[in-house]
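Remember, predicted model here, so these are calculated numbers, not experimental data. Numbering of ligands and ligand atoms starts at 1, following listing order.
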Amino acid sequence: MTTYVYRFSDGDKDQKDLLGGKGANLAEMTRLGLPVPPGFTITTEACRAYMRDGRLPAELRVEVTLAVREIEDTLGRRLGDFHEPLLVSVRSGAKFSMPGMMETVLNIGLNDASVKGLTEFSGDERFAYDSYRRLIQMFGKTVLGIDGELFAHALDEKKRTVGAATDVDLLAQHLRELVEEYKEIVRRESGREFPQHPREQLDMAIEAVFGSWNTDRARLYRRRERIPNDLGTAVNVVSMVFGNLGETSGTGVCFTRDPSTGHSGVYGDYLPNAQGEDVVAGIRNTLQLAELELLDPTSYAELRQAMRRLETHYRDLCDIEFTVERGKLWLLQTRVGKRTAAAAFRIATELADEHLITMDEAISRCTGAQLGQLLFPRFDPDAERVLLTRAMPASPGAAVGEIVLDNAQALERTAAGARVVLVRRETNPDDLQGMIAADGVLTARGGKTSHAAVVARGMGKCAVVGADELLVDHAAGEVRVAGRTLRAGDVIALDGRTGEVFLGDVPVVDSPVMVYIADGLEAGLAAAEDDETRSLLVAVDRVLTHADEVRRMRVRANADTAEDARRARARGAEGIGLCRTEHQFLGDRKRYLERLVLADGDEERAAALADLLPLQRADFVGLLEAMDGLPTTIRLLDPPLHEFLPDLTDLAVRVAVAEATGGADPHDVQLLAAVRHMHEQNPMLGLRGVRLGLKLPGLFALQVRAIAEATVELRRAGRDPQPEIMVPLVGSVRELQIVREEALGVLAEVGAASGVRLDDVPIGCMIELPRAALTAHRIAEEADFFSFGTNDLTQTTWGFSRDDVEGAFFAQYLENGVLTISPFETLDADGVGALVEAGVTGGRATKPGLKTGVCGEHGGDPESIHFFHDVGLDYVSCSPFRVPVARLEAGRAAASREDATA
Ligand code: ADP
Ligand code: MG
Ligand code: MG
């Protein structure tokens, strides 16, 4: 029989699939002997059974009974007891933390009778009724689906009528009345009484947690984070401890290191006489954790010890939820904490310095996406700026956008192409859509652990929180600050690093990490404005240096011009993986190609080619000079023909109009005939790549000659150019063979004429058609290297054209789960990836050690890079901007594989 219920003493941190993150870590803390209230976890398997059958498994009820009785016996208290009632919380917890997705219900077990027992047992009637009203409120909202505002409103009303400034000023009698009002709300809104039977409360709450797995909000979050929909959530049932038992009690959140900078120290928030979410909900202003030392030195010392213990155990930054009940510390949750990008690099290197982790582990903890964030530009400190206010920098970045005040505005304005900043008094899970749409988030309330801060950090989005000078009037649609009244649509700028909020657009400059990447550590350190930044640069440099040491794959860049090539090289590119020569034929030079296409006979064509030669040669000299000593893959002309010819309709109209008014230009007439003749229904699948080269004799030979002559010129000058000639869109080995023979002929001829050796110039091809991947063993006979063009390979494998389909139906495909992410962003490993793998295997079966790489955009995508490492590619090539990210990810891929085999 399946076991659906695990005691905390039964599990451990490696059972996240079954127990969820929260449950697994509660079990781990219990095993470590830390003070965790007794409880148990209902597995994700039970949730999956519930989703399958639409009801709780029958055995589950029995198992829950046994587990509850065990807690009752341990604590000597019973659920629903008239004297000493046991209360529990019911908490969701999936494998991946999903902040705010499924809300916890506290104080389950209270009813009209046991609330008296709780009064008696605690000696505090106010506390007992406060707990009861919280139960009805949370249960009503989360389990019965009643609008939470109704309860919040009744609470505010009560505070107003009795003149209480905050919730702690309400007396027992007020809370007793509030309980009755809450019960009335439940009756009115749900058509039923608030359930009095504790077991019914428990079962309903458990079922509600399972049900909440499939709310729109949860689905949205999962889609964004690419968490599979079929994992299910676990449920944790935990005996209650009370932070709202007066001034010697309280609740808090802490981090073993600062999650925004990474520095070790005491970071967290504490709120006396409070329960559960109070501390993050921004209802009262929290104390800094260090202040707990004055209030309750014993609990503080114990907490510090637990923090150290957990950080040592997890060997990483931990985030911890705790409660103090009348001077006794309880731990309610821990997990490896989310952190900003800067913190990730500092923490990883500091832990390595403390010999808690190896450098391989250190690089595995800094992601390419985090490095990417550090490369974002920031506000120019010298620009003129109007400061509106300064608040807590909760998540770094620089965001400029129109103010939006709710989800609807955020979605509407971003759909219209605007960049927006979501401004709210505080955020809660209902604001998720708006947060996703926005470039930045600004709240008037809440601290570093508030919902807005935590979620924004998780999304890598800029956030400034707790701006208490900001008056957000949602009803009036206004934001008042610094004597100004702003409305939706007004532009503001947020600095997530300093917490500053500016009016209007503020110009941006390179980040210090970008300066380091482009110009080296010395330059970066010199440009850095403070120690904080300098320590970050040193950390990034150490991580990247280690990644460079351990990675197997080389990282090249896609660059078409000498200038791009130099930029890529400065960022650590070890070659050019793709130079698109078609970019050298745009603009003015278009007419050369036009001439070539229209050429009547060999002579005219030869003349057109002869004019092109010096231009192309100069292009290649520049490129090869910039990449001196490094491999430089030059792709022969690839794009669809129509890109070089005038538009058929335009031209036809022009000729028709001219003819009607007295005779068209003969050149236009001739051109129109040619364009008509060559017009394609489906140019992407038409005369492109090698096909064009074979159709227009002399074109590829010209390009090869230009490469050869550029190489000769540089070699004679004592330089070390390393060109590689790449043939695009090959589908059959014979195509490659024809081009190769011609190219070898040209190389031999130029070599003989100049006396400079050119027989070392490799000739390879792109693998970007399924047929090429499937016949790679044949193609390899003629190829010195393969480069996978995964953009085209994705299009041709799926049979769709990127330009046409992305806007047309991708949103729907992501919605209904046909796709979890665009296959143009992250390689579709199962389909396109299988062809890449077949290509590598086939090619190397013919030529062991055949050099292989990838030059599609995927070469800069973290997940895809790990795939390419796994299938044994020699290099990835990506845009110059992504080079540092690719270096790091290639290193992480190598380091984590070694971990796995060690
Ligand atoms: P989330 O996943 O949103 O963090 P939690 O399940 O951790 O939700 O619970 C919400 C709040 O209630 C947290 O502050 C947590 O510490 C508190 N809490 C949960 N269970 C208990 C309990 N048994 N006793 C006291 N506080 C609890
Ligand atoms: Mg929690
Ligand atoms: Mg292509």
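At a 4.0 Å cut-off, not a single heavy atom of Pro37 sits close enough to ligand 1 to count as contact. The closest approach between a heavy atom of Lys22 and any atom of ligand 1 is below 4.0 Å.
Atoms of ligand 1 found under 4.0 Å from any heavy atom of Gly276, numbered from 1 in the order shown, are 11 (C), 12 (O), 14 (O), 17 (C). Close contacts of ligand 1 with Ser89, meaning ligand atoms under 4.0 Å from a residue heavy atom, involve 19 (C), 20 (N), 21 (C), 22 (C), 23 (N). Which parts of ligand 1 touch Gln333 is read off a 4.0 Å heavy-atom cut-off, strictly below it: atoms 4 (O), 7 (O). Those atoms of ligand 1 that come under 4.0 Å of a heavy atom in Val241, given as number and element, are 24 (N), 25 (C).
Proximity of Leu332 to ligand 1, defined as any heavy-atom pair under 4.0 Å, is confined to the side chain (atoms from C-beta onward). When heavy-atom distances to ligand 1 are checked against a 4.0 Å cut-off, Met240 comes that close through both its backbone and its side chain. Residue-level proximity to ligand 1 for Val238 is carried by backbone and side chain together, each with a heavy atom below 4.0 angstrom. Proximity of Glu103 to ligand 1, defined as any heavy-atom pair under 4.0 Å, is not found for any part of the residue.
Looking at Thr251 next to ligand 1, no N or O pair under 3.5 Å apart turns up. Residue Thr323 has no nitrogen or oxygen atom sitting less than 3.5 Å from a nitrogen or oxygen atom of ligand 1, judged on distance alone. Below 3.5 Å of separation, one finds no N or O of Leu106 facing any N or O of ligand 1. Taking any N or O of Ser92, backbone or side chain, none lies under 3.5 Å from an N or O belonging to ligand 1.
Nearest to atom 8 (O) of ligand 1 by heavy-atom distance, out of Thr104, Val253, Ile108, is Thr104. Nearest-residue assignment for atom 7 (O) of ligand 1 (options Arg335, Arg91, Gln275; heavy-atom criterion): Arg91. Within the set Gly20, Pro38, Ser239, the minimum heavy-atom distance to atom 23 (N) of ligand 1 is found for Ser239.
Contact between Ala128 and Thr119 at its shortest, heavy atoms only, is CB-OG1, 3.3 Å. Considering all non-hydrogen atoms of both residues, Thr43 and Thr3 come closest at CG2-O, 4.0 Å.
Within 6.0 Å of the CD atom in Gln305, the count of heavy atoms belonging to other residues, nucleotides or ligands does not exceed 12. Heavy atoms of other residues, nucleotides or ligands lying less than 6.0 angstrom from CG of Asp216 number 12 at most. Environment of CD in Gln288: sparse, with no more than 12 heavy atoms of neighbouring residues, nucleotides or ligands closer than 6.0 Å.
Taking the six-membered ring for Trp and thresholds of 30 and 60 degrees, Phe127 and Phe242 have ring planes more than 60 degrees apart, a perpendicular arrangement.
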Apply salt bridge (charged side-chain N to carboxylate O under 4.0 Å, His left out) to the pair Asp316 and Arg339, showing each step before the final yes or no. CA-CA 11 Å; Asp316 206 343; Arg339 65 206 69 187; 2.8 Å; yes
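Side-chain contact between Leu106 and Met240 is present, with at least one heavy-atom pair separated by less than 4.5 Å.
Under the 4.0 Å criterion applied to side-chain N and carboxylate O atoms, Glu311 and Arg308 are not assigned as salt-bridge partners. With respect to Arg199 and Asp203, a salt bridge is recorded, a charged nitrogen being found less than 4.0 Å from a carboxylate O. Salt bridge annotation for Glu28-Arg31: present, with a cationic side-chain nitrogen under 4.0 angstrom from a carboxylate oxygen. Using a cut-off of 4.0 Å between Lys/Arg side-chain N and Asp/Glu carboxylate O, Asp319 and Lys338 are scored as not salt-bridged.
In terms of distance to the Mg ion (ligand 2), the nearest N, O or S atom of Glu321 is named OE2.
Coordination check, Gln333 versus the Mg ion (ligand 2): passed, since an N/O/S atom of the residue sits under 2.8 Å.
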